2 protein chains.
Amino acid sequence: MVTSRDVAREAGVSQSTVSYVMSGKRPLSDDTLRRVDEAMTRLGYQPNSRARALAAKRSHVVGLMIPLSPRIEAASLMRFIQVIASEARGHGHDILLVTEDEGASGMQRVIGEQICDGLILMQVETDDERIPVVRDLKVPVVVIGVPGDAESITCVDADYRSAAELAVDFLAARGHRQVTFVDWPSGLRQRDVNFIERFDAGVAAAAQRSGIEVLQVEGGAHRETIGRAVRSGLEASNYPAFLVPDSGVQAMLQESLMLEGRRPGLDVSLIGSGEDAPQQIVPLTTIDFVPNVVSARAVELLVAGLDGRRELDGQVHLEVPTITERESTIVVPT
Amino acid sequence: MVTSRDVAREAGVSQSTVSYVMSGKRPLSDDTLRRVDEAMTRLGYQPNSRARALAAKRSHVVGLMIPLSPRIEAASLMRFIQVIASEARGHGHDILLVTEDEGASGMQRVIGEQICDGLILMQVETDDERIPVVRDLKVPVVVIGVPGDAESITCVDADYRSAAELAVDFLAARGHRQVTFVDWPSGLRQRDVNFIERFDAGVAAAAQRSGIEVLQVEGGAHRETIGRAVRSGLEASNYPAFLVPDSGVQAMLQESLMLEGRRPGLDVSLIGSGEDAPQQIVPLTTIDFVPNVVSARAVELLVAGLDGRRELDGQVHLEVPTITERESTIVVPT
DNA sequence: TTCTGCTGTCGATGCGTATCGACTATGCTA
DNA sequence: TAGCATAGTCGATACGCATCGACAGCAGAA
């Protein structure tokens with residue numbers, strides 16, 4: 001193993017000078033700098049992260065707690081993980097996986113044993129047992145999702161309320177006077193995840209504002225349920241519009257529509273979400289809940305906290321979703 | 001922070017004794033053991049992993065390199081990750097994420113800087129740039145998938161050949177004389193992933209052995225392609241059987257069949273694979289490629305290598321898949 | 001009795017880095 | 001010319017633990 005001491009000897013300086021070359025915390029002559037740099041490359045020096053972590057009390061490792069049973073589709077979850085990992089890397093940090101089956105004690109372990117400098121928690125629910133534990137941890141933690149009691153917890157999430165408003169406004173602007181809101185699966189409603197309530201509130205607010213009538217129908221990945229949803233929607237208006245935030249059912253819904261002889265983008269509007277929406281038979285106009293923006297924000301907040309650049313503010317940070325228009329929405333003739 | 005020195009003082013012993021209590025590497029009197037244990041719980045001692053790693057030259061962290069664009073469905077990938085993480089935990093190790101966008105140099109970084117003790121690589125392809133690098137790393141590495149040149153590389157994968165044989169034999173045993181093999185998507189064939197060849201070989205071998213005729217048709221997630229596949233299959237036999245190893249298309253295929261007025265398990269056999277197969281309209285008989293067995297095996301091999309219990313053997317370890325019979329397969333009347 | 005071997009404990013040292021205080025040389029101000 | 005700040009470097013120490021060698025006490029063997 002090549003140590004900083006070896007580099008020092010090779011460059012004819014002291015070990016501490018090598019350390020200062022790396023950190024830049026003391027002024028150095030150009031000559032010394034060059035000689036040390038050369039010695040490093042010549043010897044193929046790589047600093048030992050263990051020694052570094054022990055001495056500096058910083059491991060540059062961030063714990064990421066991933067959900068056991070994802071509420072969201074696995075593809076989206078993977079997306080989060082990928083973005084978080086590479087963003088962290090961009091800030092000089094690595095990601096340690098903490099699985100949810102360890103429970104809250106997993107957090108205490110990785111922090112107590114000082115494996116990680118900080119934590120990111122994914123998919124925090126309204127009544128999440130991890131939240132009180134987070135408050136007692138003496139390290140920076142950023143949470144994805146919004147717990148019921150967010151007091152002094154730094155959270156990041158998509159702004160589901162705005163998302164709903166954007167979608168309803170989008171339909172209103174194209175002349176729809178009615179929208180059929182195909183609900184999230186009931187499992188989600190039972191599990192206490194408040195982004196649903198926020199979405200609901202957005203739908204209601206936008207509908208009221210623009211005078212649109214909302215028909216809320218049951219969702220869930222059953223053919224019959226979706227069939228019923230479609231039929232109700234078609235009955236409700238001459239120019240039906242479907243708002244389907246749950247990406248799991250939109251393929252089925254689209255097929256169901258076609259069985260009824262309707263086609264999104266031709267005589268029906270359909271707004272979906274998710275990664276596979278562009279690949280549907282009719283590419284869907286979608287709500288993008290900007291998972292990569294949310295992930296990047298979480299990392300950035302945490303790293304800023306770790307580097308002491310900015311104290312974690314304990315606030316809720318909501319990232320604004322966007323609507324991408326594709327071919328599944330129509331303009332109602334006036 | 002509570003250190004082992006604090007515990008020692010509290011228990012009235014030396015720091016080294018505390019260390020020996022934890023490692024068990026020297027005999028200790030029951031009395032000392034008890035006093036130290038009590039002192040630990042009283043003070044809430046948690047050993048500092050940084051110091052531990054520096055002194056012992058072992059961090060108990062394993063690097064896991066995850067693919068950027070998963071060949072397999074994301075849900076399956078998440079499954080791998082979850083199992084690997086919790087198995088590793090069971091062996092006292094944590095998982096550090098290394099994303100593929102860092103390339104092979106990512107491995108050199110986490111090993112060179114001694115962040116990890118060893119590595120697991122996922123989704124290794126036939127001609128994988130990481131393999132030569134792995135050979136030069138001086139640490140244990142286990143690879144999931146089988147590279148073209150597996151010389152001195154410890155690999156774990158599902159036995160795709162056996163899987164294919166099992167499936168064909170299964171159909172033969174139920175009286176089918178013909179099977180329509182709906183191919184993997186062409187993207188997979190282009191990307192050099194040799195499990196496909198192994199599967200092909202298994203199909204051919206079993207077909208020959210049991211005198212079954214195989215019709216290989218194009219796969220891929222397009223409605224028309226699948227429709228064509230279905231029609232070809234239906235024409236080919238009075239008692240058609242479909243073998244559909246790619247889990248991405250099976251829902252579509254099943255619908256396609258029903259459009260033709262056929263129903264798996266009634267007048268057609270259909271063998272699929274993957275997590276969502278039991279939730280299909282007709283629950284599918286599936287090939288289970290035992291991802292959790294493969295993951296667990298990879299971890300176990302690696303950890304055995306790390307603990308010095310067993311040298312990594314540089315061999316290919318193939319785990320035998322299973323067939324789970326559900327409702328989508330028929331018995332052909334004789 | 002004396003020697004041998006084992007049990008149980010301790011002190012000292014090292015792991016590789018970061019950082020603090022101190023020191024020298026240099027150029028500058030008064 | 002004395003005094004002084006600054007740039008540039010070094011030596012020593014600490015981080016918290018694992019481990020090695022040493023040693024005391026005690027049993028049994030010779």
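The structure displayed is predicted, hence computed values, not measured ones. Chain naming here is simple, since letters A, B, ... match the order of the sequence lines and numbering starts at 1 in each.
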Next item on the list: Assign Leu54(A) to base, sugar-phosphate, or nothing according to its heavy-atom contacts below 4.0 angstrom with the strands shown.
Entry: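 Result for Leu54(A) = base.
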
Check: Hey, does Val18(B) reach any base, or is it just sugar-phosphate, or nothing, if we go heavy atoms under 4.0 Å?
Finding: nothing

Selected nucleotide, minimal atom distance to [X] side chain, candidates [options]:
X	options	value
Ala55(B)	dC10(D), dG14(C), dG16(C)	dG14(C)
Pro27(A)	dG8(D), dT9(C), dC15(D)	dG8(D)
Thr17(A)	dT9(D), dT17(C), dT9(C)	dT9(D)

Whole angstrom value for the distance that separates [atom2] of [N] from [atom1] of [X]:
X	N	atom1	atom2	value
Gln46(B)	dC17(D)	CD	C1'	15 Å
Tyr20(B)	dA18(D)	OH	P	10 Å
Arg50(A)	dC17(D)	CZ	P	16 Å
Arg26(B)	dA18(D)	CZ	P	13 Å
Arg5(B)	dC15(D)	CZ	C1'	11 Å
Gln15(A)	dA14(D)	CD	P	15 Å
Lys25(A)	dT17(C)	NZ	P	16 Å
Arg58(A)	dA18(C)	CZ	C1'	13 Å

Notebook entry, point to check: Starting at the 5' end of DNA chain C, which residue's closest nucleotide do you reach first, Ser14(B) or Gln114(B)?
Noted result: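 Its nucleotide being nearer the 5' end, the pick is Ser14(B).
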
Margin query: Quick check: on DNA chain C, is the nucleotide nearest Ala51(A) upstream (toward 5') of the one nearest Ser23(A), or the reverse? Name the residue that is more 5'.
Written below: Ala51(A)

Does OP1 or OP2 of [N] have a side-chain N or O of [X] closer than 4.0 Å?
X	N	result
Tyr45(B)	dC17(D)	yes
Ser29(A)	dA7(D)	no
Ser16(B)	dT19(D)	no

Next item on the list: Give a yes or no on whether Arg5(A) atom CZ has more than 12 heavy-atom contacts from other residues, nucleotides or ligands under 6.0 Å away.
Entry: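 Open: at most 12 neighbouring heavy atoms sit under 6.0 Å from CZ of Arg5(A).
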
Next item on the list: Please say which of Asp128(B), Ile131(B), Val316(B), Asp157(B) ends up in a side-chain contact (heavy atoms from CB on, under 4.5 Å) with Val143(B).
Entry: Ile131(B)

Margin query: Please give me the minimum heavy-atom distance between Gly145(B) and Cys155(B), naming the atom from each residue.
Written below: O-CB, 3.4 Å

Next item on the list: Using the closest heavy atom to pick a nucleotide of DNA chain D for each, name whichever of Asp31(A) or Val2(B) lands nearer the 5' end.
Entry: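 Result: Asp31(A).
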
Next item on the list: Run the salt-bridge test on Asp31(B) and Arg35(B) with the 4.0 Å N-O cut-off and return the result as yes or no.
Entry: yes

Notebook entry, point to check: Looking just at side-chain N and O atoms, do Ser16(A) and Ser19(A) make a donor-acceptor pair shorter than 3.5 Å?
Noted result: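 Checked: Ser16(A)/Ser19(A) side chains show no N/O donor-acceptor pair below 3.5 Å.
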
